[in-house]
Amino acid sequence: MCVPHTMEVGKHSANQGHPGSTRAGGVPLEPFVHQVGGHTSMMRYDDHTVCKPLITREQRFYESLPPEMKEFTPEYKGVVLVCFEGDLDGYINLVAYPYVESEGIDQEERERDQPRRKHSRRSLHRSSSDHKEERPTHDGDSADNLQDLKSPRLELHKHSEVPFQMLDGNSELSSEKISHNPWSLRCHKQQLSRMRSESKDRKLYKFLLLENVVHHFSYPCILDLKMGTRQHGDDASEEKAARQMKKCEQSTSATLGVRVCGMQVYQTDTGHYLCRNKYYGRGLSIEGFRHALFQFMHNGSQLRRDLFEPILSKLRSLKAVLERQASYRFYSSSLLIIYEGKGLEPHSWPKTDTLSAEKDALSGPEAALVSQPPAEATVPTQEQPTSTVPHTLTDTRPPQAPSVDVRMIDFAHSTFKGFRDDQTVHDGPDRGYVLGLESLIKILESIMEENQ
């Protein structure tokens, strides 16, 4: 179990400089480099896994997802316990330990409506016996002293080799380039502040373990979209419902059923990510939203025309799935559209007329492949003579991950008939969410047609 008061200073300080080292079985958490939206901090657990503060409704929703929705959501991997650990320099570290059911732990947490049963720990690969040794108390981790600990160091072990630049309100580049999406660092600092303010009453925090949906991508371009015409849950107070309705009315949520919540786009001409945040998205008109989609699909050198059809195909498939989910409501959930930003270098991309000529000369799968920068290497077969296949298709290289992905996230306010004895039951599919998908599809189709 995770006990914040009991850290042996000597062991911890001896492990400084080794990001994976902490008390036996503990995993140091760091801000997730590529978080572009949301208000709670996403933390990196390992290359394939992220974690976030547990909300019981969201956990239960992941556990009860319809099978056909799982393609469009992150894999749910279980629960960990997270606590503060301070180092000798006075910095806060968040460390995750396997969640072991304990009456004492659950009573101490006093977390509302928390489940009391074991959860999957398959991603931990660690035995709970690693955490049973007695440890001397370290005064630096006491509740009182946690208030005085500094903000997390920014010299983080895991960072992007590609710098990030936030666009300000005048669409000018900020001068500072950093190794994390600036929204990720903002959320992390706010999360630590909230946790420190609660530290006298609460020592342990449950976090959800979820699939890192961008781990396949080397240069992930991410668009975070707040979906639907309504954002407040059925259990929201009148005050909160009024605030959320006002945000929708003053943004494209009311008209389009979707608004920008965050964005990062890899720019091949400068070698960095351009970033936008939710405040930018809230102020967009319908035409401004269209321009934001165009900017998301542009790599600084040219429009990524090769990605429109793959993205549209996934959006249409998701729309068909959600139209079959009667009584489901995904209030305040988001949709991530992700694509690989590092394809062929701009000067290596075939020109439009060259593509047409190559497609005329080829048939079948080869014609489809030359219409975009190849995502996979193909070994020539007897039916595909080497002389007729573009050189980039004949290289023998490990197959690469799919170039695009679409995932639904954030289900803290979701509901459906029979879920957790919810009193309000809705009819039919979530029309607000479906409207958002229809708007996305329509706008992307029009951008594609105008730029053929």
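Residues: numbered from 1 along the sequence shown.
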With heavy-atom distances below 4.5 Å as the criterion, would you say the side chains of [X] and [Y] are in contact?
X	Y	value
Tyr205	Leu81	no
Ser218	Glu340	yes
His34	Gln264	yes
Phe289	Ser251	no
Met448	Leu312	yes
Arg305	Met297	no
Lys417	Asp422	no

Got a second to check how far [X]'s [atom1] is from [Y]'s [atom2], nearest 0.5 Å?
X	Y	atom1	atom2	answer
Glu58	Thr40	CD	OG1	8.0 Å
Leu440	Arg316	CG	CZ	12.0 Å
Arg282	Cys248	CZ	SG	10.0 Å

(message) With a sphere of 6.0 Å drawn around CZ of Arg431, does it hold more than 12 non-hydrogen atoms of other residues, nucleotides or ligands?
(response) no
(request) Answer yes or no: does atom NE2 of His39 have more than 12 heavy-atom neighbours from other residues, nucleotides or ligands under 6.0 Å? (result) no
Salt-bridge present ([X], [Y]; N to O < 4.0 Å):
X	Y	answer
Glu68	Arg324	yes
Asp235	Lys240	no
Glu63	Arg60	yes

Under 3.5 Å donor-acceptor, [X] side chain and [Y] backbone:
X	Y	answer
Ser439	Leu256	yes
Arg230	His232	yes
Arg407	Ile337	no
Gln231	Met227	yes
Glu211	Glu75	yes
Asn212	Val50	no

(request) Applying ring pair (Phe, Tyr, Trp, His ring centres under 6.0 Å), run through Phe207 and Tyr99 and close with a yes or a no. (result) CA-CA 9 Å; Phe207 275 50; Tyr99 171 52; over 10 Å; no
(request) Tell me whether the centres of the aromatic rings in His272 and Tyr219 are closer together than 6.0 Å. (result) no
(request) Scan Arg329, His426, His413 and name whichever one has a side chain to side chain donor-acceptor pair (under 3.5 Å) with Asp234. (result) His426
Please state whether the rings of [X] and [Y] are parallel, tilted or perpendicular, taking 30° and 60° as the class boundaries.
X	Y	value
Tyr76	Tyr62	parallel
Tyr433	Phe330	perpendicular
His291	Phe294	parallel

(message) Using the rule given for side-chain contact (heavy atoms from CB on, under 4.5 Å), can you reason through Phe411 versus Thr73, listing the C-alpha separation, both sets of side-chain angles and the distance that settles it, and then say yes or no?
(response) CA-CA 10 Å; Phe411 301 110; Thr73 58; 3.8 Å; yes
(request) Given salt bridge (Lys or Arg N to Asp or Glu O under 4.0 Å), test Glu323 with Lys319 step by step and report yes or no. (result) CA-CA 6 Å; Glu323 286 176 332; Lys319 177 175 173 287; 2.9 Å; yes
(message) Between Glu309 and Lys314, does the salt bridge (Lys or Arg N to Asp or Glu O under 4.0 Å) criterion hold? Intermediate values first, please.
(response) CA-CA 9 Å; Glu309 280 300 343; Lys314 286 186 176 291; over 6 Å; no
(request) Sort out for me which residue in Leu225, Val406, Asp224 forms a side chain to side chain contact (heavy atoms under 4.5 Å, CB included) with Leu336. (result) Asp224
(message) Minimum heavy-atom separation for Cys261 and Gly38, please, with both atom names.
(response) SG-N, 4.1 Å
(message) On a heavy-atom basis, which atom in Thr229 and which in Gly432 lie closest, and how many Å separate them?
(response) OG1-CA, 3.7 Å
(request) Assess the side chains of Ser446 and Arg290: does a donor N or O sit below 3.5 Å from an acceptor N or O? (result) yes
(request) For Ser253 and Lys226, test the side chains for any donor-to-acceptor distance below 3.5 angstrom and give the result as yes or no. (result) no
(message) Cation-pi check for Phe32 against Arg44: NZ or CZ below 6.0 Å from the six-membered ring centre and within 45 degrees of the axis, yes or no?
(response) no
